[in-house]
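Comments concern the structure below.
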Amino acid sequence: MIELKQINKYYRNDEEVLHVLKDINLSADAGEMIAIMGPSGSGKSTLINTLGFIDTKFEGEYLFEGENLITTTDDRLSKIRNQTVGFVFQNFSLIENYTVYENVELPLLYNGYSFHQTKEKVMAVLAKVGLADKAEKHPRQLSGGQQQRVAIARALINQPKFIIADEPTGALDTHTSNDIMELFKELNRQDQVTIFLVTHDPEVVPYCTRLVQIRDGAIIEDRTVIEA
Ligand code: ADP
Ligand code: ADP
């Protein structure tokens with residue numbers, strides 16, 4: 001599904017050139033669940049921004065389902081991003097004065113769905129994450145784990161090919177963190193959603209099919225954890 005070939009990425013300041021991604025070769029098949037680990041500053045954010053079509057200035061090739069998307073226009077790229085990838089963050093990134101329903105509906109707003117189509121889609125993903133009864137609540141009325149479930153529902157709303165989760169359990173206690181990992185695992189196994197998961201937490205790794213370790217912008221380890 002995804003093929004990064006010989007990706008190099010530089011940040012140029014006035015005085016120095018920072019080489020942040022070094023000869024990255026990374027392929028991912030549909031249905032994989034890949035943990036990405038590495039120290040702060042090692043290039044994890046830059047890598048996932050590249051994978052998620054947010055960062056498109058790099059050397060090398062990014063093939064998505066065999067197509068080189070980076071040569072395409074900005075408009076088409078943002079459309080592809082919208083339909084292909086869902087993002088989940090450490091701090092949930094929900095809008096506080098929107099209800100759960102409104103937060104999850106947000107990525108659909110300009111897709112031209114009718115009220116009924118929208119409602120059906122929103123309620124389906126809320127049911128999937130176990131929050132069908134919380135649609136009219138506001139984020140502050142929910143626990144951290146429930147807020148992260150809302151964020152996961154929002155990430156799923158456009159039926160993405162893959163999800164990028166940046167430290168999704170970083171703000172949660174161990175028990176809640178395990179619950180969230182079980183949910184990701186279920187989405188991965190049952191719905192074949194491909195997941196990239198940036199984490200500092202070694203306890204997250206056993207849920208994944210594969211572990212990729214990064215140091216100083218280079219992949220230093222890429223191994224199978226459990227069979228996909
Ligand atoms: P990580 O997510 O592993 O902490 P990042 O990808 O955020 O690593 O950063 C990798 C390196 O690139 C770091 O040295 C960081 O300071 C630098 N960096 C990240 N974004 C920028 C930017 N927009 N401009 C300049 N340097 C950046
Ligand atoms: P994370 O917590 O994921 O490691 P960072 O703190 O590394 O994130 O970076 C936060 C944001 O700041 C990112 O968008 C990154 O691209 C940007 N950034 C990081 N380092 C630099 C830098 N040296 N110069 C400019 N922007 C940077």
Side-chain angles (χ1 to χ4, degrees), residues 1-28 32-64 69-72 74 77-78 80-82 84-94 144 147-148 151-152 154-155 160-172 177 180-181 184 188 193-225:
M1 179 172 74
I2 283 172
E3 213 177 341
L4 298 182
K5 286 182 173 174
Q6 236 12 63
I7 301 285
N8 280 280
K9 163 98 184 164
Y10 304 87
Y11 284 119
R12 291 184 176 79
N13 299 333
D14 295 339
E15 290 114 65
E16 49 163 11
V17 176
L18 209 57
H19 193 176
V20 285
L21 293 180
K22 297 174 185 163
D23 297 331
I24 298 283
N25 291 293
L26 183 69
S27 300
E32 289 200 84
M33 180 156 167
I34 303 177
I36 299 172
M37 298 187 85
S40 195
S42 58
K44 302 182 299 298
S45 303
T46 308
L47 177 61
I48 58 176
N49 287 342
T50 302
L51 283 169
F53 317 111
I54 287 175
D55 200 327
T56 54
K57 281 194 217 133
F58 51 78
E59 294 171 6
E61 262 190 288
Y62 182 173
L63 301 181
F64 183 76
L69 294 178
I70 302 314
T71 56
T72 195
D74 282 358
L77 201 62
S78 67
I80 288 165
R81 191 188 304 134
N82 199 295
T84 307
V85 55
F87 287 91
V88 175
F89 306 97
Q90 175 170 3
N91 60 4
F92 323 133
S93 299
L94 300 175
Q147 291 186 51
Q148 192 59 297
I152 293 169
R154 181 184 55 190
K161 299 280 177 65
F162 63 101
I163 285 185
I164 292 175
D166 191 357
E167 294 275 0
T169 63
L172 305 173
S177 167
I180 291 295
M181 288 311 300
F184 276 124
N188 175 245
V193 180
T194 306
I195 300 173
F196 294 92
L197 207 146
V198 171
T199 187
H200 282 108
D201 181 0
E203 289 187 30
V204 158
V205 177
Y207 290 94
C208 298
T209 61
R210 192 164 142 203
L211 170 63
V212 171
Q213 296 243 39
I214 301 185
R215 293 282 185 288
D216 301 323
I219 294 179
I220 58 157
E221 182 181 27
D222 183 348
R223 68 173 171 89
T224 300
V225 179

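Residue numbers start at 1 and run along the sequence shown. Just follow the structure's listing: the first ligand is 1, and inside any ligand the first atom is 1. Note that the structure is predicted; figures quoted are calculated from it, not measured.
Backbone and side-chain nitrogen or oxygen atoms of Gly43 are examined, and one is located within less than 3.5 angstrom of a nitrogen or oxygen of ligand 1.
The aromatic rings of Tyr62 and Phe53 lie parallel to each other, their planes meeting at an angle below 30°, with 60° marking the opposite boundary.
A 4.5 Å side-chain heavy-atom check between Ile36 and Ile214 finds at least one atom pair inside the cut-off.
In this view, Lys22 satisfies the salt bridge (charged side-chain N to carboxylate O under 4.0 Å, His left out) rule with no residue, not counting sequence neighbours.
Here is the list of ligand 1 atoms found below 4.0 Å of a heavy atom in Thr46: 5 (P), 6 (O). Atoms of ligand 1 lying under 4.0 Å from any heavy atom of Lys44, numbered from 1 in the order shown and given with element: 1 (P), 2 (O), 3 (O), 4 (O), 6 (O), 8 (O). The distance from ligand 1 to the heavy atoms of Pro39 drops below 4.0 Å at these ligand atoms: 3 (O). Against a heavy-atom cut-off of under 4.0 Å, Leu18 is close to the following atoms of ligand 1: 12 (O), 14 (O), 17 (C).
Atom CD1 of residue Ile163 and atom CZ of residue Phe87 lie 10.5 Å apart, to the nearest 0.5 angstrom.
Here the rule is side chain to side chain contact (heavy atoms under 4.5 Å, CB included) with Leu47, and of Ile7, Val198, Leu4 only Leu4 fits it.
The nearest non-hydrogen atom to atom 2 (O) of ligand 1, considering only Gly217, Ser45, Ser42, Ser40, comes from Ser45.
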